[in-house]
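Report on one structure; see the data block that follows.
Atoms within a ligand are numbered from 1 in the order they appear, just like the ligands themselves. As a basis for the values below, the full set of heavy atoms in this structure was taken, side chains included, without hydrogen atoms, waters or symmetry mates.
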Amino acid sequence: MNRLDGKVCVVTGAASGIGRRIAEVYARAGGRVAIADLQLEAAEAAARQIRDDGGDALAVAMDVADEAQVVDGIAAVVAHYGRIDVLVSNAGIQIVNRLVDFSLADWRRMLAIHLDGAFLTTRECLRDMERRGSGGAIIYMGSVHSHLASPLKAPYVTAKHGLLGLARTVAKEGARHGVRANVICPGFVRTPLVDKQIPEQAKEFGISEEEVVRNIMLKDTVDGEFTTVDDVANVALALAAFETNALTGQSLVVSHGWFMQ
Ligand code: NAD
């Protein structure tokens with residue numbers, strides 16, 4: 001159970017936070033991991049750490065919103081490892097602002113990274129999976145915001161909802177090639193992405209940082225706890241290792257009960 005022996009796994013945004021822990025957990029489960037990230041130095045450091053721990057990892061420079069970089073980056077992974085079995089489309093950023101203050105440039109940047117990035121990496125990996133005919137798993141990093149909305153997060157909420165539609169379509173098109181597609185929807189996880197939001201929200205709402213955590217971020221959880229990178233990585237491992245089309249087109253919410261489906 002939950003082994004990835006020899007499977008080639010591309011994880012985008014794996015130089016930091018959730019993606020980095022997924023890459024580490026996949027490598028420990030026997031996966032060969034491509035760490036695709038905008039930050040090449042940090043990706044190389046993450047890959048080196050995995051190799052030092054006895055795993056197999058490759059760093060790949062990739063802006064997921066740039067078609068040529070995605071095409072070249074996925075081709076580099078196939079050239080190195082010969083195949084792709086698992087894609088985790090995880091790279092993401094957050095920009096918070098009131099809708100009336102959002103610039104079109106920021107809106108487009110958010111949709112480009114979250115949605116264009118998911119589309120481009122899916123297309124390139126799916127082409128390899130279909131060509132080889134031995135199936136695969138595609139996992140999107142959604143959010144509780146794939147299912148509900150919060151103020152100040154219009155493009156994030158829009159993009160994360162959009163990933164549900166993409167996953168369901170990929171589940172239908174991929175089924176006859178043995179390709180499954182699912183979305184993981186975490187609650188708040190303490191990563192650089194969230195640490196940046198706490199002072200921003202405190203300023204926007206005129207409350208303390210502690211109140212942002214207690215009264216906004218964790219208010220509706222069952223236990224007032226943050227979700228951890230390990231919680232999310234273990235679900236990502238289960239989805240990557242799951243063998244049949246029984247589990248496809250789904251979203252799994254990992255949020256300490258913040259959102260219940
Ligand atoms: P993080 O900031 O720790 O890591 C994000 C990584 O993505 C970084 O290494 C960054 O360099 C990379 N990245 C950003 N833009 C990129 C691009 N254009 N191309 C390639 N790489 C790029 O953030 P995180 O919290 O680990 O977030 C990872 C994913 O999880 C995101 O999609 C985020 O929306 C989602 N998520 C996070 C939380 C949370 O609370 N942290 C909750 C739900 C969902």
Side-chain angles (χ1 to χ4, degrees), residues 10-25 34-47 59-74 87-96 106 108-121 124 139-150 153 155-164 166-167 183-198 200-201 212-213 216-218 221 225-233 235-236 251-256 258-259:
V10 176
V11 186
T12 70
S16 172
I18 294 171
R20 178 160 182 172
R21 185 53 57 89
I22 291 173
E24 290 164 354
V25 166
I35 296 182
D37 205 288
L38 206 52
Q39 305 181 65
L40 183 58
E41 267 181 35
E44 277 169 345
V60 181
M62 184 190 293
D63 177 350
V64 296
D66 182 306
E67 184 172 20
Q69 288 192 33
V70 174
V71 171
D72 291 350
I74 299 299
L87 164 67
V88 183
S89 170
N90 165 80
I93 63 164
Q94 177 63 282
I95 303 175
V96 293
D106 279 350
R108 285 189 173 147
R109 183 165 156 65
M110 286 293 288
L111 297 196
I113 294 171
H114 289 273
L115 289 181
D116 298 359
F119 158 66
L120 290 168
T121 50
E124 295 311 303
I139 297 161
Y140 299 101
M141 197 53 62
S143 162
V144 160
H145 288 106
S146 297
H147 293 281
L148 50 75
S150 295
K153 295 188 175 175
Y156 189 81
V157 169
T158 303
K160 293 299 190 189
H161 275 64
L163 290 175
L164 299 178
L166 179 61
V183 187
I184 301 177
C185 299
F188 281 104
V189 183
R190 281 309 282 262
T191 66
L193 179 138
V194 162
D195 286 338
K196 178 172 163 281
Q197 282 174 63
I198 296 172
E200 286 173 358
Q201 295 211 4
V212 171
V213 170
I216 298 179
M217 292 185 165
L218 303 180
T221 61
E225 300 272 346
F226 277 101
T227 300
T228 67
V229 288
D230 282 309
D231 292 330
V232 181
V235 172
S251 72
L252 267 84
V253 183
V254 186
S255 71
H256 286 254
W258 170 12
F259 178 79

(message) Can you report which non-hydrogen protein atom sits closest to atom 7 (O) of ligand 1, along with the distance?
(response) G13 CA, 3.4 Å

(message) Would V194 count as being in polar contact with ligand 1, using the rule that some N or O on each side must be under 3.5 angstrom apart?
(response) no

(request) Provide the closest heavy-atom pair for A14 versus V11 in the form atom of the first, atom of the second, distance. (result) CB-O, 3.4 Å

(message) Which residue and atom name correspond to the protein heavy atom nearest atom 5 (C) of ligand 1, and how close is it?
(response) G92 O, 3.7 Å

(message) Looking only at protein heavy atoms, which one is nearest to atom 19 (N) of ligand 1, and what is the separation?
(response) V64 N, 3.0 Å

(message) Quick check on contacts: which atoms of ligand 1 are under 4.0 angstrom from a heavy atom of A91?
(response) 7 (O), 20 (C), 21 (N), 22 (C), 32 (O)

(request) For ligand 1, find out whether one of its N or O atoms is nearer than 3.5 Å to an N or O atom of S143. (result) no

(message) Checking a contact table here: which protein heavy atom is nearest atom 25 (O) of ligand 1, and how many Å away?
(response) T191 OG1, 2.4 Å

(request) Report yes if some heavy atom in the side chain of I139 is under 4.5 Å from a heavy atom in the side chain of I184; otherwise report no. (result) yes

(message) Is it the case that ligand 1 has an N or O less than 3.5 angstrom from some N or O of P186?
(response) no

(message) If the cut-off is 4.0 Å to any non-hydrogen atom of G17, which atoms of ligand 1 fall inside it?
(response) 3 (O), 26 (O)

(message) If you define the side chain from C-beta out and look only at heavy atoms, does anything of V96 sit under 4.5 Å from K153?
(response) yes

(request) Using a strict cut-off of 4.0 Å, indicate which atoms of ligand 1 neighbour a heavy atom of G142. (result) 43 (C), 44 (C)

(request) Of all the heavy-atom pairs spanning T191 and G17, show the shortest one and how long it is. (result) CG2-CA, 4.0 Å

(request) Could you grab the distance from atom OG1 of T121 to atom CG of D116, nearest 0.5 Å is fine? (result) 10.5 Å

(request) Say whether, by atom type as modelled, one donor and one acceptor occur between the side chain of S146 and the main chain of K160 under 3.5 angstrom. (result) yes

(message) How close do H114 and L163 get, counting heavy atoms only, and between which atoms?
(response) O-CD2, 3.8 Å

(request) List the atom of S255, the atom of T221, and the distance in Å for their closest heavy-atom pair. (result) O-CG2, 3.7 Å

(request) May I ask you to identify the nearest protein heavy atom to atom 8 (C) of ligand 1, giving residue, atom name and distance to one decimal place in Å? (result) D37 OD2, 3.6 Å

(message) Which residue and atom name correspond to the protein heavy atom nearest atom 16 (C) of ligand 1, and how close is it?
(response) L38 CD2, 3.7 Å

(message) Distance under 4.0 Å to a non-hydrogen atom of Q39: what atoms of ligand 1 satisfy this?
(response) 8 (C), 9 (O), 10 (C), 11 (O)

(request) Indicate the atoms forming the closest heavy-atom contact of M110 with I93, along with that distance. (result) CE-O, 3.5 Å

(message) Does the residue F226 have a heavy-atom contact with ligand 1, meaning some pair of atoms that are separated by less than 4.0 Å?
(response) no

(request) Keeping the roles fixed (side chain from H145, backbone from C185), state whether a donor-acceptor pair exists under 3.5 Å. (result) no

(request) Indicate yes or no: does an N/O atom of I18 lie under 3.5 Å from an N/O atom of ligand 1? (result) yes

(request) Report, in ascending order of atom number, the atoms of ligand 1 lying under 4.0 Å from any heavy atom of S16. (result) 1 (P), 3 (O), 4 (O), 8 (C), 9 (O)

(request) Answer whether the closest heavy-atom distance between the side chains of V194 and Q94 falls below 4.5 Å. (result) no

(request) For F188, take its heavy atoms, then give the atoms of ligand 1 lying under 4.0 Å from any of them. (result) 40 (O)

(message) Polar contacts were defined as any N/O atom of the residue lying under 3.5 Å from an N/O atom of the ligand; does this apply to H114 and ligand 1?
(response) no

(message) Need the ligand 1 atom indices (1-based, order shown) with element for anything under 4.0 Å from a heavy-atom of M141.
(response) 29 (C), 30 (O), 35 (C)

(message) Nearest 0.5 Å, please: how far is CD1 in I18 from CG in L193?
(response) 7.5 Å

(request) Starting from atom 34 (O) of ligand 1, locate the nearest protein heavy atom and write down its residue, its atom name and how far away it is, to 0.1 Å. (result) Y156 OH, 2.7 Å

(request) Pull out every atom of ligand 1 sitting under 4.0 Å from any heavy atom of I93, numbered as shown with elements. (result) 14 (C), 15 (N)

(message) Quick check: closest heavy atoms across Q197 and F188, and the distance to 0.1 Å?
(response) OE1-CE2, 4.0 Å

(message) Do V253 and V144 make a side-chain contact, defined as non-hydrogen atoms from C-beta onward lying under 4.5 Å apart?
(response) yes

(request) Check whether any heavy atom of K160 sits under 4.0 Å from an atom of ligand 1. (result) yes

(request) Can you pull out the closest protein heavy atom to atom 20 (C) of ligand 1? Residue, atom name and distance to 0.1 Å, please. (result) M62 O, 3.1 Å

(message) Are the side chains of R190 and I198 in contact, using a 4.5 Å heavy-atom criterion?
(response) yes

(message) Contact between ligand 1 and G187 is defined here as a heavy atom of the residue under 4.0 Å from a ligand atom; is it met?
(response) yes

(request) For N90 and ligand 1, answer yes if some heavy atom of the residue is under 4.0 Å from a ligand atom, otherwise no. (result) yes

